[in-house]
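Presented below is the structure to which this report refers.
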Amino acid sequence: MADIPEKLTKPYDPTTTEGRMYVLWTESGFFNPDNLPARHQEPFTIIMPPPNANGRLHAGHALTISLEDIMTRYQRMQGKRALWVPGADHAGFETQVVYEKKLEKEGRSRFKMDRTDLYNEIMAFTLDSKKHMEADVKALGASCDWSREKFTLDPSVVSEVQETFRKLYRDGLVYRGYRTINWCTKHQTSLSDVETETVEKKDKLYYLKYGPFVVATVRPETIFGDVAVAVNPTDERYQKYIGQEISVQHPEGTLTLKVIADEAVDKEFGTGALKITPAHDNNDFLMSETHKLPRVVVIDQFGKLTAKTGKYAGMKIAEARTKVVEDLQALGLIEKIEDYTHAVPTCYKCSTTIEPRVMPQWFVKMAPLAKRAADAVRAGKIKFIPDNFEKVFLYWMDNSLDWNISRQIVWGIQIPALVCTACNTGALDTDAKEGSPCASCQSPLARDTDTFDTWFSSGQWPLLALGYPDNKDMPHYPTDVMETGRDLIFKWIPRMVIFGLYLTNKVPFHTVYLNGLVNDKHGKKMSKSKGNVVSPIELTDKYGADALRISLVIGNTPGNDLALVEDKIKGYKHFCNKMWNASRFVLSNIGDTTLDTVRPTLTKRDEEILAELNTTIASVTGHLESYRFHLAGEELYHYFWHSFADIVIEEMKPRLAGADKASKQSAEWVLLHILATTTKMFHPFMPFITEELWSMLPSRTPKNLLIIESWPKAL
RNA sequence: GGACGAUUAGCUCAGAUGGUUAGAGCACUGCAUUCACAUUGCAGGGGUCACAAGUUCGAAUCUUGUAUCGUCCACCA
C-alpha cells in the first residue's frame with residue numbers, strides 16, 4: 001500500500017480544511033484576474049449583488065453566493081479572465097430602520113438627534129456590521145476579488161451617483177414636482193412604489209349625504225379637505241349638476257363645492273358620485289390638476305388632523321374618523337354604512353398604512369428611459385433565465401410611473417441640489433449656491449437635505465462596481481451575468497438596465513439569472529417574527545460550506561423557491577465523506593502512478609469506463625454552459641457515487657490485487673484519472689474539499705492550485 | 001381585477017428541443033458487511049405524473065379548459 005496523507009485516514013472534517021483553503025486562495029491572488037496566468041484573456045464578469053452591510057447573511061445570500069461562485073470558478077477553469085466583484089450596500093432606508101429599532105431599545109429617537117451625529121453613528125454601526133457580512137461571504141467560499149470590493153458610500157461612488165443626478169437634470173429627465181407620494185407616518189419619509197406592500201384591509205364604506213348627492217367614502221375624516229364632487233360625464237343621473245356649485249354640510253360648517261365631470265369616475269361604484277380630496281388621494285390629486293382645483297391639507301405628516309378641521313385638530317386619523325362619523329350621524333348625514341374590503345398600501349418595513357401626501361420631491365421621468373430598456377430587451381440584448389421573467393420585466397417597463405427618488409432620511413447619498421424655501425423650485429448645487437435667489441420667486445435657496453432612494457445608486461451598480469468612469473476595468477463591461485433573487489426583478493433589474501443604457505448606451509449584462517427564494521422546510525418564507533430563520537453560517541459550521549452549497553444548488557431550478565431541508569444538507573455531508581474515502585482508496589492502491597504517468601495501453605473494459613467518464617464530462621459541461629447548475633451537480637454526484645464508487649472501484653479491486661500486470665497498470669491509471677477529473681469538475685460546486693483532495697494527488701511535477709486548473713476535456 | 005408560477009413516490013424536489021419498463025435525496029422493508037467508507041453495500045416496496053378534452057405513430061412534456069395552492073402587480077372612492 002502506498003503512503004497516503006495522514007489526514008486522509010480520518011473522516012473528512014470541513015472545519016480544519018475550509019479556513020486553510022480560503023487563506024491559500026487569498027494568498028495565491030487568483031481571485032484577482034490581474035494575477036491569473038497568461039492563458040486567461042477573455043473576460044468573464046459577475047457583479048455581486050451587494051449584501052446589506054447592516055447584518056449577517058441569510059439563507060438566500062448563501063444560494064446567490066453559491067451560484068455565482070460556481071459560474072466564476074467554472075469560467076476561471078475554462079481559462080477566462082474571471083472577475084467577480086464583491087460589494088456592500090449601505091441600504092439606506094433598510095439600515096435606518098434597523099438602526100432606529102436599536103435607538104428605540106436604548107430609549108432614544110432619531111428625531112431628537114443632530115443629522116450629522118446620527119449619520120456618523122449609523123456609519124460606525126454599518127462599518128462594523130459590514131465586517132461580519134464579509135466574513136460570512138468568505139465562509140461560503142466565494143472566490144470574489146476583495147481588492148476591488150466597493151461600498152455604496154465610497155466617496156467615488158457617492159460623487160458618481162451625484163453626477164448622474166446632475167446629468168439627468170440637465171437632460172430634463174429629473175424634475176422637482178408636486179405629486180402624491182407614499183408617506184410613512186412612522187418613519188417620516190416618502191417611499192417608492194416598490195417599497196410599499198399592498199395588504200387587504202377590512203374597512204367601512206360610508207355613504208354620506210352630500211348636498212344633492214350621496215357619496216361613498218372610506219375616509220369621512222377627510223371631508224374638510226374636499227374641494228369638489230366628481231361624476232362621470234356620461235352619467236345621466238347627474239347631468240344637470242355638472243358645472244354647478246353645491247353646498248355640503250359637515251360638523252364644522254358648510255362647504256361650497258363645484259361639480260366636475262371626469263372619465264375616471266366609475267358610474268357603477270358606490271353612487272357614481274365621488275368626493276374630491278386632492279391633498280390626500282392620488283386620483284383626486286390628478287383631477288385637481290386637470291380641473292385646476294385647490295388642495296387643502298387636513299392631515300399632517302404625523303397622521304394627525306390639521307387646524308383646518310376645527311375641533312378635530314390634533315386627533316389621529318382613526319380617532320378622528322370615529323368622531324367625525326358620530327358627529328355626521330348626529331346630523332343625519334350618513335345614509336348607510338357597508339362593510340368593505342380593499343387593498344391598502346402599507347410601509348413594507350413597519351406595516352403602517354401609507355398616507356398619500358402631496359409633497360414636492362425629485363422625480364425621474366421614466367417613460368423615455370423605460371422605453372430604451374424595453375427596446376433593448378425586445379431586441380434580445382438581455383436574456384432572462386427563466387425566460388418568463390422577460391414578460392414580467394416588459395410589463396413593468398411598459399407601465400412605469402415617474403419614480404420618486406427623494407427620501408427624508410439622513411442615511412444615504414445626499415441629493416446634490418438646492419430648493420427654494422418659498423416655492424420649492426429646485427436647482428443643481430453646481431448651478432447655484434445656498435442663499436442665492438430662486439429662479440422663479442427670488443426667495444433664497446436652501447440645501448436640499450433629502451437623500452436618494454437606495455435603488456437610485458444601486459441601479460448604477462454594475463458601472464459603479466467596476467469603477468466607472470475610470471476605464472481600467474471597463475473591458476469587463478458589459479458584464480456577463482446578473483444573478484440575483486427573483487424578487488429583484490422589479491426593484492433592481494430594470495433600474496440597472498435603464499442606467500446602464502443611459503450612461504453608456506450599453507446594457508449592463510447579457511444574461512439575468514433569477515434564483516427563487518430560500519424558504520423554511522415547510523416552504524414558508526423565513527421571517528424573524530415567525531422564528532423560522534435559518535442562518536447559513538450555522539449550517540456551514542454544522543455540515544461544512546461544501547455540503548450547504550451543493551444542497552442549495554441540486555434540485556433547485558431557476559425562478560422557483562426552495563424549501564431548505566436540513567436532512568438534504570446532511571446527505572451531502574455524507575457525500576463529502578464518500579469523496580474523501582474514495583480518494584483514500586485510490587491513493588492507497590495506485591502504486592507509483594502519478595498524474596504525469598503516460599497513459600498505458602488500456603484494457604477494453606477500461607476504455608469503456610473512460611467513455612462513460614467522457615460522456616459525463618460532455619454532459620456536465622453542457623449543463624454548466626446553459627446555466628443548468630442543478631442538472632450539472634446532480635449528474636456529477638450520481639456519476640461519482642453510483643458509477644465510479646459503486647461500480648468502477650468495486651470491479652477494480654480484484655485487478656489491483658491480481659497478478660496481471662498490464663491490467664493492474666491500466667486500472668491504476670484509470671482510477672487516478674477519474675478521481676482527478678471528477679475532483680476538477682466538482683470544484684466549482686464544492687471548492688474546499690476538492691482543493692484539499694487535489695493537493696494530495698500524486699504528481700512528479702509541481703501542480704497548480706485546483707482553482708486555476710483547466711476544466712477537463714474528454715480523455 | 002390582471003399577470004406569473006406550482007400541482008410527479010410518505011416528505012423535499014428533478015425530469016432542456018414530446019420517444020424504450022417516469023427519476024434523485026431523505027424516509028421505509030429485507031439481507032450483507034473485519035477486505036476505502038455504518039457518514040457503507042446489495043436488493044426491494046411505493047406514483048392512474050391535479051382533472052377533462054384535444055394534437056400526435058407516441059404526451060409528465062405541446063394546445064384548450066377546469067380545480068386547488070402560492071407569488072407578484074393594480075390610483076373603484
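Note that the structure is a prediction, hence the values are computed from the model and not measured.
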With a 3.5 angstrom cut-off on both distances, give the Watson-Crick or G-U wobble partner of [N], or none if there isn't one.
{"N": "rA74(B)", "value": "none"}
{"N": "rC31(B)", "value": "rG41(B)"}
{"N": "rC26(B)", "value": "rG10(B)"}
{"N": "rC69(B)", "value": "rG5(B)"}
{"N": "rU48(B)", "value": "none"}
{"N": "rC62(B)", "value": "rG54(B)"}
{"N": "rU20(B)", "value": "none"}

How close or far is atom [atom2] of [N] from atom [atom1] of [X], stated in whole angstroms?
{"X": "Tyr395(A)", "N": "rA3(B)", "atom1": "OH", "atom2": "C1'", "answer": "7 Å"}
{"X": "Asn388(A)", "N": "rC73(B)", "atom1": "CG", "atom2": "C1'", "answer": "15 Å"}
{"X": "Tyr572(A)", "N": "rC37(B)", "atom1": "OH", "atom2": "C1'", "answer": "19 Å"}
{"X": "Lys568(A)", "N": "rC13(B)", "atom1": "NZ", "atom2": "P", "answer": "8 Å"}
{"X": "Lys491(A)", "N": "rC72(B)", "atom1": "NZ", "atom2": "P", "answer": "10 Å"}
{"X": "Leu274(A)", "N": "rC76(B)", "atom1": "CG", "atom2": "C1'", "answer": "9 Å"}
{"X": "Leu394(A)", "N": "rG2(B)", "atom1": "CG", "atom2": "P", "answer": "21 Å"}
{"X": "Glu566(A)", "N": "rA27(B)", "atom1": "CD", "atom2": "C1'", "answer": "16 Å"}

(request) Please say whether the positively charged group of Lys267(A), taken as NZ for Lys or CZ for Arg, lies over the ring of Tyr238(A), i.e. under 6.0 angstrom from the six-membered ring centre and within 45 degrees of the axis. (result)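 Negative - Lys267(A) is either too far from the ring of Tyr238(A) or too far off its axis.
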From the options [options], select the nucleotide whose nearest atom is closest to the side chain of [X].
{"X": "Asp266(A)", "options": "rU39(B), rA36(B), rC76(B)", "result": "rC76(B)"}
{"X": "Arg486(A)", "options": "rU12(B), rA77(B), rU71(B)", "result": "rU71(B)"}
{"X": "Asn577(A)", "options": "rC72(B), rC13(B), rC37(B)", "result": "rC37(B)"}
{"X": "Asp193(A)", "options": "rC73(B), rA74(B), rA77(B)", "result": "rA74(B)"}

Contact list (N/O, under 3.5 angstrom) for nucleotides 41-44 of chain B vs protein:
unit_1	atom_1	unit_2	atom_2	d
rG41(B)	OP1	Lys578(A)	NZ	3.3
rG41(B)	OP1	Trp641(A)	NE1	2.3
rC42(B)	OP1	Asp646(A)	OD2	3.4

(request) Name all pairs fulfilling the side chain to side chain donor-acceptor pair (under 3.5 Å) condition that reach into residues 552-566 of chain A, sequence neighbours left out, sorted by first residue then second. (result)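 As it turns out, the side chain to side chain donor-acceptor pair (under 3.5 Å) pairs with a partner in residues 552-566 of chain A, which skip direct neighbours, are Arg486(A)-Asp561(A), Lys542(A)-Glu566(A), Tyr543(A)-Glu566(A), Thr557(A)-Asn560(A).
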Are any of the side-chain nitrogens in [X] or [Y] under 4.0 Å away from the carboxylate oxygens of its partner?
{"X": "Arg321(A)", "Y": "Glu221(A)", "answer": "yes"}
{"X": "Arg378(A)", "Y": "Asp398(A)", "answer": "yes"}
{"X": "Arg655(A)", "Y": "Asp606(A)", "answer": "yes"}

[atom1] atom, [N] versus [M]: distance in rounded Å?
{"N": "rG70(B)", "M": "rC57(B)", "atom1": "P", "result": "41 Å"}
{"N": "rG41(B)", "M": "rC4(B)", "atom1": "C1'", "result": "46 Å"}
{"N": "rU61(B)", "M": "rU71(B)", "atom1": "C1'", "result": "24 Å"}
{"N": "rU63(B)", "M": "rU55(B)", "atom1": "P", "result": "15 Å"}
{"N": "rU39(B)", "M": "rA22(B)", "atom1": "P", "result": "34 Å"}
{"N": "rC73(B)", "M": "rU64(B)", "atom1": "C1'", "result": "26 Å"}
{"N": "rA36(B)", "M": "rG15(B)", "atom1": "C1'", "result": "33 Å"}
{"N": "rU48(B)", "M": "rC31(B)", "atom1": "P", "result": "29 Å"}

(request) Find which nucleotide of RNA chain B each of Ala216(A) and Asn581(A) is nearest to by heavy atoms, and output the residue with the more 5' nucleotide. (result)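 By nearest-heavy-atom nucleotide position, the 5'-most residue is Asn581(A).
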(message) My understanding is that only residues two or more places apart in sequence, or in another chain, count here; which of them pass salt bridge (charged side-chain N to carboxylate O under 4.0 Å, His left out) with Lys201(A)?
(response)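 Lys201(A) satisfies salt bridge (charged side-chain N to carboxylate O under 4.0 Å, His left out) with Asp203(A) only.
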(message) Run the salt bridge (charged side-chain N to carboxylate O under 4.0 Å, His left out) test against Arg295(A) and tell me which residues pass, sequence neighbours left out.
(response)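 If we apply the salt bridge (charged side-chain N to carboxylate O under 4.0 Å, His left out) test to Arg295(A), skipping adjacent residues, there are no hits.
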(message) Please report whether the ring centroid of Phe575(A) lies less than 6.0 Å from that of Phe682(A).
(response)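 So the answer is yes for these two rings.
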(request) Would you check if the distance from the ring center of Tyr178(A) to the ring center of Phe285(A) is below 6.0 Å? (result)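 Centroid distance Tyr178(A)-Phe285(A): not below 6.0 Å, so no.
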Shorter than 3.5 Å, N or O on both sides, protein versus nucleotides 14-23 of chain B: list them out with atom names.
unit_1	atom_1	unit_2	atom_2	d
rA14(B)	OP1	Thr557(A)	OG1	2.7

(message) So for Lys653(A) and rA36(B), does any side-chain atom that can act as donor or acceptor lie under 3.5 Å from a complementary atom in the base?
(response)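 Answer yes: a donor N or O sits under 3.5 Å from an acceptor.
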Do [X] and [Y] have side-chain heavy atoms sitting under 4.5 Å apart?
{"X": "Pro49(A)", "Y": "Thr64(A)", "value": "yes"}
{"X": "Asn282(A)", "Y": "Arg179(A)", "value": "no"}
{"X": "Arg219(A)", "Y": "Ile317(A)", "value": "yes"}
{"X": "Leu595(A)", "Y": "Trp694(A)", "value": "yes"}

(request) Would you indicate what Phe285(A) reaches in the nucleic acid, counting non-hydrogen atoms under 4.0 angstrom: base, sugar-phosphate, or nothing? (result)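 Result for Phe285(A) = nothing.
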(message) The test is side-chain hydrogen bond (donor to acceptor under 3.5 Å, both in side chains); show your working for Lys491(A) and Ser192(A) and say whether it passes.
(response) CA-CA 10 Å; Lys491(A) 289 181 182 163; Ser192(A) 70; over 6 Å; no
(message) Heavy atoms within less than 4.0 Å of RNA chain B: which residues of residues 196-206 of chain A have one? Give them sorted by number.
(response)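 Nothing qualifies; none.
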(message) Using OP1 and OP2 only, check whether a side-chain N or O of Lys391(A) sits under 4.0 Å from rC4(B).
(response)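 So the side chain of Lys391(A) is within the cut-off, an N or O lying under 4.0 Å from OP1 or OP2 of rC4(B).
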